[in-house]
Amino acid sequence: MEEGAPVPIGPSGRRPAKGRAFALQDLKTQDGEPPRRATGIGEFDRVCGGGLVPGSALLVGGDPGVGKSTLILQALASYAKSGGSAVYISGEEAMAQVRLRAARMGLSDAPVALGSATCIEDILATLEKGKTPGVVAIDSIQTIWTGALDAAPGTIAQVRTASFDLVRYAKSTGAAVLLVGHVTKDGQIAGPKLVEHLVDSVLYFEGERGHHFRVLRAVKNRFGPTDEIGVFEMTGKGLAEVANPSALFLGDRNSISPGTAVFAGIEGTRPLLVEIQALVAEAGYGSPRRAVVGWDTGRLAMILAVLDARGGLGVSAHDVYLNVAGGLKVGEPAADLAAAAALISSFAGIALPRDTVFFGEISLSGDVRPASQAELRLKEAAKLGFSSAVVPEGTRVDVPGLTLRPIKDVGDLLEFAGAGERRPARAAPRSARIES
Ligand code: TYD
Ligand code: MG
């Protein structure tokens, strides 16, 4: 070897022995699309891109208590009931606890092979003994450890090693491996982002405390889309799929009060109507408060600034609270218009028309920008009984039963929302604004 050339070092720091040559192949797929292993839980399969891919590893992350174990057990039971072979290894709960949960969900007779273990060597030895299962779930990756390391379970080194071994097991045997991972307070899969790099797909299971709704969201997917969501409702007997989530996120539309607007959104391939609620209140001393649930704080600051600078609203000095109903997180810029409408409505103390939906992105200049898939959004609105839609100018879609109100900027929106001309609006009487 030449002087100065990098010394090849293997993973264990040794000089590798002479390598074995392997055959290179062409790009043509040999067996078409990878066959999917559908679990039969429709919302879960759709988020995965049509079912689990053999030989792949998938991480399901979420806060403790959100329902990860429930979801996984349900998916495995459904898969096993339709003839697949499923193994569930719990590192957190004793067999009796898992059985109790299964009984509660009415799944006791599903042919899922159950184990309670935390040592990766034991788990792999067990899995490699019999016929390779179709799907294996490990709940949770933070509890798994290897005897090869001194570190405690849950540490980065342990989680990484265990994940790596399980991913390798999936690739070499063709089993689909599901890893459950807890999320830390700052929203990361505990243990490390590195697990996210090791696996093929990462799903997050989310829900707000106090709400029964749970949203499964793909944040990484080697074999499918990343913008799909699956919606579930936590019931006394496990998770129920919600096929028409719009109705769920709309809140109680019978009592309308100032400060609510309905956003006609899209999540993945599905239209989704959500209610956005705002409360603008006289600020106390010091800097005004801002609290946001389900939306981006920076985006709210921007919308408030645009409403002041371009619409002359004068809302910035007030306390502002914004909430997306039902515990959903909205990431689409097209939600700007609905959020702005809710803010104006609360500020002015005038309720928006009950039968109206909103979508459109607001730019820093105050202009309203078009949004994609207008037709899908509007059809969903019409289906759920809305009769008018405030949309970006230039939206040309004809949906029977729905009147479009195209607007070009926030000035138009202010006019629509009844806050009047472009002048610094005065707040309506306080009583009008806080009644709900
Ligand atoms: P779990 O799946 O254990 O959460 P995770 O694995 O993410 O920590 O579910 C926890 C919560 O779900 C628990 O507070 C009880 C509730 N739950 C129900 O409401 N109904 C049910 O049928 C089950 C199994 C759980
Ligand atoms: Mg659990």
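It should be emphasised that the depicted structure is a prediction, and the values quoted were computed from it without experimental measurement. Start at 1 and go down the list; that is how both ligands and their atoms are numbered.
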Item checked: For atom 3 (O) of ligand 1, the option (of Lys237, His182, His212, Arg101) bearing the nearest heavy atom -> Arg101
Margin query: Any heavy-atom pair between the side chains of Leu124 and Leu166 that's under 4.5 Å?
Written below: yes
Check: Does the ring of Tyr204 carry Arg217 above it, NZ/CZ under 6.0 angstrom from centre and within 45° of its axis?
Finding: no
Next item on the list: Check whether any side-chain heavy atom of Val320 sits under 4.5 Å from a side-chain heavy atom of Leu279, and report yes or no.
Entry: no
Note to self: Just so I know, are the side chains of Val280 and Asp319 near enough to count as touching, which here means a heavy-atom distance under 4.5 Å?
What the structure shows: no
Check: Under a heavy-atom criterion of less than 4.0 Å, does Thr235 contact ligand 1?
Finding: yes
Note to self: Counting C-beta onward and ignoring hydrogens, is there a side-chain heavy-atom pair between Val262 and Phe358 closer than 4.5 Å?
What the structure shows: no
Check: So which protein heavy atom does atom 6 (O) of ligand 1 come closest to, and at what separation?
Finding: Ser69 OG, 2.7 Å
Item checked: atom 15 (C) of ligand 1 - nearest protein heavy atom and its distance -> Arg104 NH1, 4.6 Å
Next item on the list: Flag the pair Leu58 / Cys48 as yes when at least one side-chain heavy-atom distance between them is below 4.5 Å, and no otherwise.
Entry: yes
Next item on the list: Kindly indicate whether the side chain of Leu127, heavy atoms from C-beta on, has any atom under 4.5 Å from the side chain of Ile123.
Entry: yes
Check: Can you tell if the side chain of Glu361 reaches within under 4.5 Å of the side chain of Leu337, non-hydrogen atoms only?
Finding: no
Check: Thr260 versus Leu352: any side-chain heavy-atom pair under 4.5 Å?
Finding: no
Check: Nearest protein heavy-atom contact for atom 19 (O) of ligand 1: which residue, which atom, what distance?
Finding: Met234 CG, 3.4 Å
Notebook entry, point to check: Do Glu93 and Ser116 pass the side chain to side chain donor-acceptor pair (under 3.5 Å) test, and can you show the C-alpha distance, the side-chain angles, and the key distance before you say yes or no?
Noted result: CA-CA 7 Å; Glu93 290 161 308; Ser116 178; over 6 Å; no
Check: For Gly238 and ligand 1, does the shortest N/O to N/O distance drop below 3.5 Å?
Finding: yes
Checklist line | Distance from atom 10 (C) of ligand 1 to nearest protein heavy atom, with residue and atom | finding: Gly65 O, 3.5 Å
Notebook entry, point to check: Is a side-chain N or O of Glu228 found less than 3.5 angstrom from the main chain of Arg46, in a donor-acceptor match?
Noted result: no
Note to self: Just to confirm my output: which protein heavy-atom neighbour is closest to atom 2 (O) of ligand 1, and how far is it?
What the structure shows: Thr70 OG1, 2.5 Å
Next item on the list: Run through the protein N/O/S atoms less than 2.8 Å from the Mg ion (ligand 2) and write them out by chain and number.
Entry: Ser69 OG
Note to self: Between Glu275 and Gln277, do the side chains contain a donor N or O and an acceptor N or O under 3.5 Å apart?
What the structure shows: yes
Notebook entry, point to check: Can you tell me which residue and heavy atom of the protein come closest to atom 4 (O) of ligand 1, and the distance to 0.1 Å?
Noted result: Gly67 N, 3.1 Å
Next item on the list: Considering the heavy atoms of Pro64, write down every atom of ligand 1 situated less than 4.0 Å from one of them.
Entry: 8 (O)
Check: Does ligand 1 have an atom under 4.0 Å from some heavy atom of Asp63?
Finding: yes
Notebook entry, point to check: N/O of Met105 under 3.5 Å from N/O of ligand 1, yes or no?
Noted result: no
Next item on the list: For atom 13 (C) of ligand 1, decide whether some protein heavy-atom distance is shorter than 4.0 Å.
Entry: no
Notebook entry, point to check: What do you reckon, does Gly62 put a non-hydrogen atom under 4.0 Å from ligand 1?
Noted result: no
Checklist line | Check: Ala157 main-chain N/O paired with Thr161 side-chain donor or acceptor under 3.5 Å | finding: yes
